[in-house]
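Here's the structure, in C-alpha cells; my notes come after.
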Amino acid sequence: MTAPIPPSFEAFRQAVTAKPPASLDPGRPGLRILIALAVLTAVVAGVIAWRSQPTPEPLPAPPPSPPGLATPSPTAKVTVHITGKVRKPGLYTLAMGARVADAVTAAGGPVRSTAMSSVNLARRLVDGEQIVVGAPPGFAPGLASADPATTTLDLNSATPDQLEQLPGVGEVLAARIADFRTAHGGFTSVDQLREVSGIGAKKFEEIKGKVRV
C-alpha cells in the first residue's frame, strides 16, 4: 500500500511546476535591456581591473663611480718616447691604459735577441715617459753619469745630451747619430758610426772605445 503524500509536499510540488506569474516575465524588450546591462557591467568591470594593475616604476640611476675607479675616456692618449734597442725608436702616441709591451710593439719590437729583463712589459704607460729597451742594469733615463770620462755609452739607448759627452761630439753631431739610429732601427755594431755624416776615421778612433751596442 502506497503511503499518502503529505499535504505540504504536494503544495511545494505544485508551486514549482506552476507557470511563473506574468509579472515576472520581462518579455523581449526587457530581455534586451537585461542583456545590455550585463554587457555594460562586464565592460566596466574590465576597465576597472585594467586600471588597477600596478604601474612599473623606472629603476633608479646607478650611483657614480668613485674617483679612483673612473674609466678612462676611449679617446684619451699618452705620448711616450721609445728608445734603445728597438727597430723604430721615436715618439709614439697610444691609447690611455696601454702597456709598455704595446709601446715596444709599436716601435717595431726589440732588435734581434735583445734581453727584455730590464723592462716591465706589463706596466701601464705614463704620458711623457721614456722607455729604454736593452739598457744596462741600473741605467736611469735622462741622468748623466757622474764621470763621463769613464762612461761607456750604449749607442741605442743614449740620449742626445749623453752623446754630446763623447770626444769631439757636439749638439749637431749628436743629433745626426740619433737620426741615424732612428732611420736604421738602431745600431748593430760600433763600426756603423763611420756611416754617420761628420764622423771620419780620426774621430771614430777617439770615440769607439767609449761606446757600445
Side-chain angles (χ1 to χ4, degrees), residues 72 75-213:
T75 59
K77 302 288 185 180
V78 293
T79 300
V80 295
H81 178 205
I82 313 297
T83 185
K85 297 182 179 180
V86 290
R87 299 183 184 280
K88 298 177 181 179
L91 294 177
Y92 289 89
T93 300
L94 297 95
M96 180 73 73
R99 312 270 180 177
V100 172
D102 300 321
V104 174
T105 300
V111 176
R112 296 184 179 179
S113 58
T114 301
M116 302 294 293
S117 57
S118 62
V119 180
N120 181 6
L121 297 174
R123 181 175 58 79
R124 291 185 184 275
L125 296 174
V126 178
D127 185 57
E129 72 170 305
Q130 183 186 62
I131 300 170
V132 181
V133 177
F139 173 81
L143 297 180
S145 171
D147 187 2
T150 61
T151 299
T152 302
L153 294 179
D154 189 321
L155 290 174
N156 289 315
S157 61
T159 65
D161 289 341
Q162 292 171 327
L163 291 172
E164 289 182 33
Q165 300 171 10
L166 296 172
V169 177
E171 181 179 354
V172 175
L173 189 52
R176 290 178 183 174
I177 294 174
D179 291 342
F180 182 93
R181 177 175 63 193
T182 301
H184 293 79
F187 287 91
T188 57
S189 69
V190 174
D191 291 340
Q192 282 186 298
L193 276 176
R194 301 193 64 175
E195 301 177 29
V196 177
S197 176
I199 299 182
K202 181 179 180 180
K203 190 177 295 294
F204 176 73
E205 290 296 327
E206 293 176 352
I207 65 177
K208 70 176 183 179
K210 300 182 179 296
V211 294
R212 59 183 174 81
V213 293

Test side-chain contact (heavy atoms from CB on, under 4.5 Å) on Arg124 and Arg99; report intermediate values, then the result. CA-CA 4 Å; Arg124 291 185 184 275; Arg99 312 270 180 177; 3.2 Å; yes
Residues Leu125, Val100; criterion side-chain contact (heavy atoms from CB on, under 4.5 Å); working and verdict: CA-CA 6 Å; Leu125 296 174; Val100 172; 3.9 Å; yes
Run Ile131 and Glu129 through side-chain contact (heavy atoms from CB on, under 4.5 Å) and show every step you take. CA-CA 7 Å; Ile131 300 170; Glu129 72 170 305; 3.9 Å; yes
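The structure places OH of Tyr92 at 15.0 Å from NZ of Lys77, a figure rounded to the nearest 0.5 Å.
The only member of Lys210, Arg212, Arg181 that meets salt bridge (charged side-chain N to carboxylate O under 4.0 Å, His left out) when paired with Asp154 is Arg212.
Gly168 and Leu173 make their closest contact through O-CD2, 4.0 Å (heavy atoms, listed as atom of the first residue, atom of the second, distance). In terms of heavy atoms, Val213 sits closest to Val190 at CG1-N, 4.2 Å.
For the pair Leu94 and Val80, the minimum side-chain heavy-atom distance is below 4.5 Å. Counting heavy atoms from C-beta outward, Asn156 and Val111 have side chains that stay 4.5 Å or more apart. Residues Val78 and Thr93 have side chains not in contact (no heavy-atom distance under 4.5 Å, counting atoms from C-beta outward). Side chains of Thr159 and Gln130 form a contact here, defined as non-hydrogen atoms less than 4.5 Å apart.
Under the rule for a salt bridge (Lys or Arg N to Asp or Glu O under 4.0 Å), Arg194 has no partner lying at least two apart in sequence or in another chain. Every residue two or more places apart in sequence or in another chain that forms a salt bridge (Lys or Arg N to Asp or Glu O under 4.0 Å) with Lys208 is listed here: Glu205.
At a cut-off of 3.5 Å, with distance as the only test, no side-chain donor of Thr83 or Ser157 sits close to an acceptor on the other residue.
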